[in-house]
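Single-structure report; data block below.
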Number of protein chains: 2
Amino acid sequence: MAVTIKDVAKLANVAPSTVSRVIANSPRISEKTKQKVRKAMDKLGYHPNFIARSLASQSTQAIGLIMPSSTDVVFQNPFFPTVLRGISEGAHEKHYALHMTTGKTDEEIYNGVVQMVQGGRVDGVVLLYSKIEDKVLSFLQDGDYPFTVIGKPFRDVEEITHVDNDNFRAAKEATDYLIELGHTHIAFVGGDLNLVVTVERLLGYEKALRAADIELDNDYVIHEEFLKEGGQEAVRELLSLEKPPTALVVADDLMALGVLNTLDEMGISVPDDISIISFNNVLLSEMSRPPLTSVDINIFDLGYQAAKSLIQMVEDPKEPTKRIIIPHQIIKRHSCSVTAR
Amino acid sequence: MAVTIKDVAKLANVAPSTVSRVIANSPRISEKTKQKVRKAMDKLGYHPNFIARSLASQSTQAIGLIMPSSTDVVFQNPFFPTVLRGISEGAHEKHYALHMTTGKTDEEIYNGVVQMVQGGRVDGVVLLYSKIEDKVLSFLQDGDYPFTVIGKPFRDVEEITHVDNDNFRAAKEATDYLIELGHTHIAFVGGDLNLVVTVERLLGYEKALRAADIELDNDYVIHEEFLKEGGQEAVRELLSLEKPPTALVVADDLMALGVLNTLDEMGISVPDDISIISFNNVLLSEMSRPPLTSVDINIFDLGYQAAKSLIQMVEDPKEPTKRIIIPHQIIKRHSCSVTAR
DNA sequence: TTGTAGGCGTTATCAA
DNA sequence: TTGATAACGCCTACAA
């Protein structure tokens, strides 16, 4: 069995409690004993046992990550490695470890969360997605357990600490940009409507059109499960409308990549025949042909701030709920041009 | 404070140990008391505390994941979400949770691993990458702590349980395929030479050439940090050789995507002017233009088997070390054609 | 089949 | 400044 605090105590000729205090670097221990104890720890190769510590102190120094369904396409999105990096860095700075749950079905995920939370494995949790009517979220709220969500909560926005972009405004600006370029026939290609981010971006798009006195056209709004044949179909239909759009607002870079391919197959050129602006500014967006004009949403910061604010909450339960808005910025590349018509 | 085993015991009018046995579903408890206890648990909304259980049973039911440096480009590779899915599923089946360490520098990662392992946070660990001269690996070996590596260990291959593809053979087959198509000027575009997988694939490439009596040419082997300007440079140089290659073996889909772009910028057509075959068969490979011919390495299985075999090891310490080879398969798409010359 | 009691490795409260 | 000692919540001989 591994070396424990007692072994150290014995070797250093002090009480276990003293060793404990040395570990915590308590100021009420003489420098001399600290030295002595530290030497003993080194000699024995002692490492404190987190589990025991957690039990005694009722805190795990770990935060839980709740991912979307692993079978879901969004799971494949480069968004995740990047938020993960941000969360990881935020947690690391405060010496918190990371615990994860994933699952195939919503049921699996839910159970995983319940276990993790009730089982006391973590001190708090960050929800890496925000969808409407989420059982997991309700559970977290009911147990008033410390948690943050990345994205905008479907409801109780004021009561839930979250880190988000202003996706409504971002989408409006993206659409405005196309309008400025002279486009009036602008379509919206969105993803899963259960994700709050999708609806926010859709609303922003609509707002921009209305503000510019451009009529909304239902045929101009599609939601594709990108990569699926259905997605290609949708794009094809869009382009075969009587009055096909000259520009597309696409809710996600990865989707934009799919659209780009469909367009290419159809012999339609971007940006000559049609302009595209998308969101997230993921690595891929600069690797596509043409490189995508995309709204950078600072994914890393989203994660970083989520971790930071969660840790604040667990360390100070009186911490007020807050909403952190991460800035966005249009990165202009080569998928948009002045309208041809 | 949360409801504990004692509360349940009291309500059910039994001893705590009985409750404990009910949780473990011990066969030596009468069905009647089980019912009684279970009812009490439900009524109180009891959930066992993992931390306490871990301390008492000296097992955490959690496995640790060691990721490569988060600043590293490989971290962005779609490879990771996919292995993660596999690991997650393997762990889930056996009711294990997932714990993670990441870090920016090798030092950070190393410390994270030491803490996680020595601190007893996890029962075992899976190393998600394999590079040469890895301190982390040595540490794990020295402490003979249960662990599996995904990929081929740099050394002690016989003593380390790992899950890998036969990357040597895969690369040979990929190259053979190009040779069959009539190519004789075949270059290799590899990634980080510190990753074992890169060297394996390089060796397989060389083997194929030698077997076909094609002379090896140093100028035909480049290693690019894809996405970096340097990468583009390298490809440009390759193509401006006196005798430029007519086909490329690219060590990774994401890199191939970068190459594809550079080629496109140069006005070189794939597969008409040059053929490309790459590895991993990640989602992106079918989304590129042209869709990439790629060697599918069954990433999901890599993760799944790694988790399974690790859990076997932690549950039965006498389990022999083993090497699990996941099959691969060339997925032919449209980036390769018969040589033009 | 069930209960009692000690222990898992720490932290934290009280004394000293 | 340090040492006993009682938690923390559960598991597991050993007894009954």
(request) To the nearest Å, give me how far apart CZ (B/R21) and P (D/dT12) are. (result) 10 Å
(request) Can you tell me the distance, in whole Å, between the CD atom of A/Q61 and the C1' atom of C/dT11? (result) 13 Å
(message) Given 3.5 Å as the limit, does a donor-acceptor pair link the side chain of B/S69 with the main chain of B/K104, or not?
(response) yes
(request) Measure the CG-CZ distance between B/L84 and A/F80 for me, rounded to the nearest 0.5 Å. (result) 11.5 Å
(request) Calculate, to the nearest 0.5 Å, the distance between atoms CD1 and CZ belonging to A/I63 and A/R121 respectively. (result) 16.0 Å
(request) Decide if atom NZ of B/K10 counts as having more than 12 heavy atoms of other residues, nucleotides or ligands within a radius under 6.0 Å. (result) no
(message) From the set C/dT11, C/dT2, D/dT2, return the single nucleotide nearest to any side-chain atom of B/S30.
(response) C/dT2
(request) Would you tell me if any nitrogen or oxygen in the side chain of B/Q58 comes within less than 4.0 Å of OP1 or OP2 on C/dG9? (result) yes
(request) Can you figure out which of C/dC8, D/dG3, D/dT2 approaches the side chain of A/R28 most closely? (result) D/dT2
(message) Applying a 4.0 Å non-hydrogen cut-off, can you work out what B/V14 is touching in the nucleic acid: base, sugar-phosphate, or nothing?
(response) sugar-phosphate
(message) Could you tell me how far apart B/N25 (CG) and C/dT2 (P) are, to the nearest whole angstrom?
(response) 13 Å
(request) To the nearest Å, give me how far apart CD1 (A/I23) and C1' (C/dG9) are. (result) 10 Å
(message) Rounded to whole Å, how long is the line connecting atom NZ of B/K6 with atom P of D/dC11?
(response) 13 Å
(request) Test B/I87 against B/I150 for side chain to side chain contact (heavy atoms under 4.5 Å, CB included), laying out the working first. (result) CA-CA 10 Å; B/I87 294 177; B/I150 292 182; 4.2 Å; yes
(message) If you only use heavy atoms from C-beta on, which nucleotide in C/dT11, D/dC10, D/dT2 is closest to the side chain of B/Y46?
(response) D/dC10
(message) For C/dT1 and B/T18 - does any side-chain N or O of the residue sit under 4.0 Å from the phosphate oxygens OP1/OP2?
(response) no
(request) Output yes when at least one side-chain N/O atom of B/S17 is less than 4.0 Å from OP1 or OP2 of C/dT4, else no. (result) no
(message) From the set D/dA4, D/dC10, C/dT11, return the single nucleotide nearest to any side-chain atom of A/I5.
(response) C/dT11
(request) Mind checking B/S54 for me? I need base, sugar-phosphate or nothing, with any heavy atom below 4.0 Å counting as a touch. (result) nothing
(message) Counting only side-chain heavy atoms from C-beta out, which of C/dC8, C/dT10, D/dC14 sits nearest to B/L55?
(response) C/dC8
(message) Whole angstroms only, please: what is the CG-P distance between A/N49 and C/dT11?
(response) 10 Å
(message) I need the minimum non-hydrogen distance between B/R53 and B/P48, along with the two atoms involved.
(response) NH2-CB, 3.6 Å
(request) Send over the distance from A/N13 CG to D/dT1 C1', rounded to a whole Å. (result) 16 Å
(message) From C-beta outward on B/T4, which listed nucleotide comes closest to its side chain: D/dG9, C/dT10, C/dT1?
(response) D/dG9
(message) Heavy-atom nearest nucleotide on DNA chain C for B/E31 versus A/I51: which residue maps closer to 5'?
(response) B/E31
(request) May I ask you to verify if any side-chain N or O of A/R53 is less than 4.0 angstrom from the OP1 or OP2 atom of C/dT11? (result) yes
(request) Would you mind telling me which of C/dT1, D/dC14, D/dC10 lies closest to the side-chain atoms of B/P48? (result) D/dC10
(message) Tell me the interatomic distance from B/K36, atom NZ, to C/dT1, atom C1', rounded to whole angstroms.
(response) 11 Å
